[in-house]
J.: 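Quick one: the structure is below, and I'll ask about it shortly.
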2 protein chains.
Amino acid sequence: MKNGSQDGKQMNILLVEDDKTIAAGLEYSLQQDQFSTILCHDSASAKKVLEKEYQTLDLCLFDLSLPDGSGYELCKMVKQKKDIPVIFLTALDDEVNVVMGLDMGADDYITKPFRIRELISRIKSVLRRYHKYTQTNTVIDLNGIKIFTLEGKVFKNNEEIMLTALEYRLLLIFANHKGQVLSRNQLLEQIWDVAGDFVNDNTLTVYIKRLREKLEDHPQQPVIIKTVRGLGYKVGD
Amino acid sequence: MKNGSQDGKQMNILLVEDDKTIAAGLEYSLQQDQFSTILCHDSASAKKVLEKEYQTLDLCLFDLSLPDGSGYELCKMVKQKKDIPVIFLTALDDEVNVVMGLDMGADDYITKPFRIRELISRIKSVLRRYHKYTQTNTVIDLNGIKIFTLEGKVFKNNEEIMLTALEYRLLLIFANHKGQVLSRNQLLEQIWDVAGDFVNDNTLTVYIKRLREKLEDHPQQPVIIKTVRGLGYKVGD
DNA sequence: CAGAATCATTTCACAATGCGAACAATTTAT
DNA sequence: ATAAATTGTTCGCATTGTGAAATGATTCTG
């Protein structure tokens with residue numbers, strides 16, 4: 001539950017909220033969750049912080065209706081400086097403006113009153129998504145098979161190999177666990193989101209075979225996807 | 001034919017009618033049509049229900065001439081508490097008073113004797129009208145796709161996505177059942193008000209495809225609208 | 001140690017299901 | 001009235017899941 005971090009790096013949140021009670025509560029909760037926070041109570045001081053500290057920030061949390069200026073301005077300013085997610089806190093009556101907020105580049109918004117848990121899960125979701133998009137194209141190499149995760153393409157000797165959706169998913173699971181032995185059940189669960197109760201155990205075997213046919217030079221003497229008898233399958237190393 | 005629902009949410013009707021035969025018949029028919037009902041036989045008990053349950057109600061159906069007090073009062077009470085539609089059931093001789101009822105804020109009235117089908121279609125029509133105007137602006141988030149129910153707009157990465165009416169309706173159904181697997185038939189029924197007898201089963205598939213083309217990053221490896229083979233489709237979680 | 005029995009894995013062939021291109025019909029806008 | 005967009009259908013192909021039989025490895029047994 002407690003991990004305001006992505007890939008181990010602690011996330012730094014700029015929080016701008018004029019109601020001091022709400023602000024304090026929020027700050028406390030965020031810090032409990034291992035986020036680090038910078039708190040401002042008005043638009044003016046927020047701007048100053050933005051000027052100085054924008055490099056260190058990872059996400060902004062703005063009250064939409066601040067006493068000395070709308071949160072829109074702040075949002076615009078942020079997006080000019082650095083491409084990080086912005087979430088708006090809004091009162092119910094502000095709702096009309098939400099679309100406008102999103103046009104401005106906001107990434108999510110949440111209406112007061114809100115449950116703190118909900119907010120935090122939204123924060124995490126936005127951060128996750130963001131990292132996905134900014135992610136550079138990862139290339140995974142498995143014994144000469146190259147996987148381009150961003151485009152979802154797979155190459156062997158510079159020739160693209162066409163995989164079906166499921167074959168690709170299976171391959172990705174192996175790619176993300178290079179060198180580990182994966183049991184049939186582990187694989188079944190990961191592919192079908194369900195324990196092996198619903199899906200035939202043999203189905204997996206068939207997919208392994210199909211993958212091997214497409215990837216291996218000699219499918220009968222597999223080099224890439226190796227079977228570990230009695231335990232499961234293994235890829236790499 | 002059978003769907004007392006708006007965008008998938010079941011509608012809850014408060015029915016007040018002193019003639020127990022009529023009341024029972026009505027209740028049965030409404031429930032057949034997937035409405036849920038609360039039945040009262042007099043004004044007093046109706047008031048109690050209103051006090052307690054008004055948040056959950058979506059529409060009221062009042063007999064105009066109740067034994068212990070006119071339906072007018074009830075109507076006034078409803079409108080004070082929550083802005084939901086009221087339909088009056090009247091005897092022929094009451095007609096004089098209908099104008100007054102409408103002044104009171106009633107949304108429609110129907111004279112006894114009436115055909116049940118007619119009543120139900122009026123109910124649906126009123127609900128449709130109402131929802132168009134009074135719906136609160138909900139923002140639903142599906143893996144980064146944001147739906148603004150009030151404006152009927154859909155955004156992806158802060159860019160508006162143009163959906164056709166049907167595509168939008170389909171998406172809304174998914175949005176209202178996040179995490180649930182919806183069978184083809186369930187979806188067909190909700191969209192076309194009819195079980196799969198009249199509409200080609202594959203039509204749905206085509207819409208799914210069109211939606212995915214607009215929403216997904218990689219339509220062939222869908223992340224948002226997932227296929228659950230043999231069961232249907234699923235969105236979210 | 002050979003051969004039998006047992007178990008895990010692989011292969012094959014098939015049926016069910018889902019997908020998508022292209023076309024036809026309908027509705028809506030101009 | 002014409003064009004454009006939306007909606008619905010048809011049909012062939014691809015994917016997916018499964019059962020049955022074949023293969024291969026490992027253990028048991030005399």
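Every chain is numbered from 1, with letters handed out A, B, ... down the list of sequences.
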J.: So, OP1 or OP2 of C:dC19: does either fall under 4.0 Å of a side-chain N or O from B:Tyr233?
T.: yes

J.: Working to the nearest 0.5 Å, report the span between CD1 of B:Ile22 and CD of B:Glu17.
T.: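 Atom-to-atom, B:Ile22:CD1 and B:Glu17:CD are 5.0 Å apart.
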
J.: Who passes side chain to side chain donor-acceptor pair (under 3.5 Å) against A:Lys209, sequence neighbours left out?
T.: A:Glu213

J.: Both A:Asn202 and B:Leu231 contact DNA chain C. Which one's nearest nucleotide lies toward the 5' end?
T.: A:Asn202

J.: For B:Arg229 and for B:Leu163, find the nucleotide of DNA chain D with the closest heavy atom, then tell me which residue's nucleotide is more 5'.
T.: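 So the residue in question is B:Leu163.
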
J.: Hey, what do you get for CD (A:Glu167) to CZ (A:Arg210), rounding to the nearest 0.5 Å?
T.: 7.0 Å

J.: Kindly state which residues belonging to residues 208-227 of chain A come within less than 4.0 angstrom of DNA chain C, counting heavy atoms of the residue only, listed by number.
T.: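 DNA chain C contact set from residues 208-227 of chain A: A:Lys209, A:Arg212, A:Gln220, A:Thr227.
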
J.: Just checking, any donor-acceptor pair under 3.5 angstrom between side chains of A:Asn200 and A:Thr203?
T.: no

J.: Please find the earliest and latest nucleotides of DNA chain D, in the 5' to 3' direction, that have an atom within less than 4.0 Å of any heavy atom of chain B.
T.: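 With heavy atoms of chain B under 4.0 Å away, the range is D:dT6 to D:dG17.
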
J.: Does A:Thr205 reach a base, just sugar-phosphate, or nothing at all? Heavy atoms under 4.0 Å.
T.: base

J.: Partners of A:Lys156 by side chain to side chain donor-acceptor pair (under 3.5 Å), sequence neighbours excluded?
T.: A:Asp217

J.: List the residues meeting side-chain contact (heavy atoms from CB on, under 4.5 Å) with B:Arg122, not counting sequence neighbours, and say none if there are none.
T.: B:Asp108, B:Ile110, B:Glu118

J.: Roughly how many Å is it from CG in A:Asn200 to P in C:dA16, rounded to a whole number?
T.: 16 Å

J.: Mind checking the CG-CD1 spacing from B:Leu142 to B:Ile224? Nearest 0.5 Å is all I need.
T.: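 Nearest 0.5 Å value for the CG-CD1 distance: 7.5 Å.
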
J.: Of A:Ala165 and B:Tyr207, whose closest DNA chain D nucleotide lies nearer the 5' terminus?
T.: B:Tyr207

J.: Across nucleotides 25-30 of chain C, 5' to 3', mark each nucleotide with B, S or - according to how protein heavy atoms within less than 4.0 Å reach it.
T.: ------

J.: Out of curiosity, B:Leu26 CG to B:Thr37 OG1, how far, rounded to the nearest 0.5 Å?
T.: 9.5 Å

J.: Could you check whether A:Asp33 pairs with A:Arg117 (Lys NZ or Arg NE/NH1/NH2 to Asp/Glu carboxylate O, under 4.0 Å)?
T.: yes

J.: Measuring from A:Leu182:CG to A:Lys234:NZ, what's the distance to the nearest 0.5 Å?
T.: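 The NZ atom of A:Lys234 is 10.5 Å from CG of A:Leu182, to the nearest 0.5 Å.
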
J.: Return yes when atom NZ of A:Lys153 has more than 12 non-hydrogen atoms of other residues, nucleotides or ligands closer than 6.0 Å, and no otherwise.
T.: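 No - once you tally the heavy atoms of other residues, nucleotides and ligands closer than 6.0 Å, there are 12 at most.
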
J.: Hey, is the side chain of B:Asp201 pairing donor to acceptor with the base of C:dG18 inside 3.5 Å?
T.: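 It does not, because no donor-acceptor pair links the side chain of B:Asp201 to the base of C:dG18 below 3.5 Å.
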
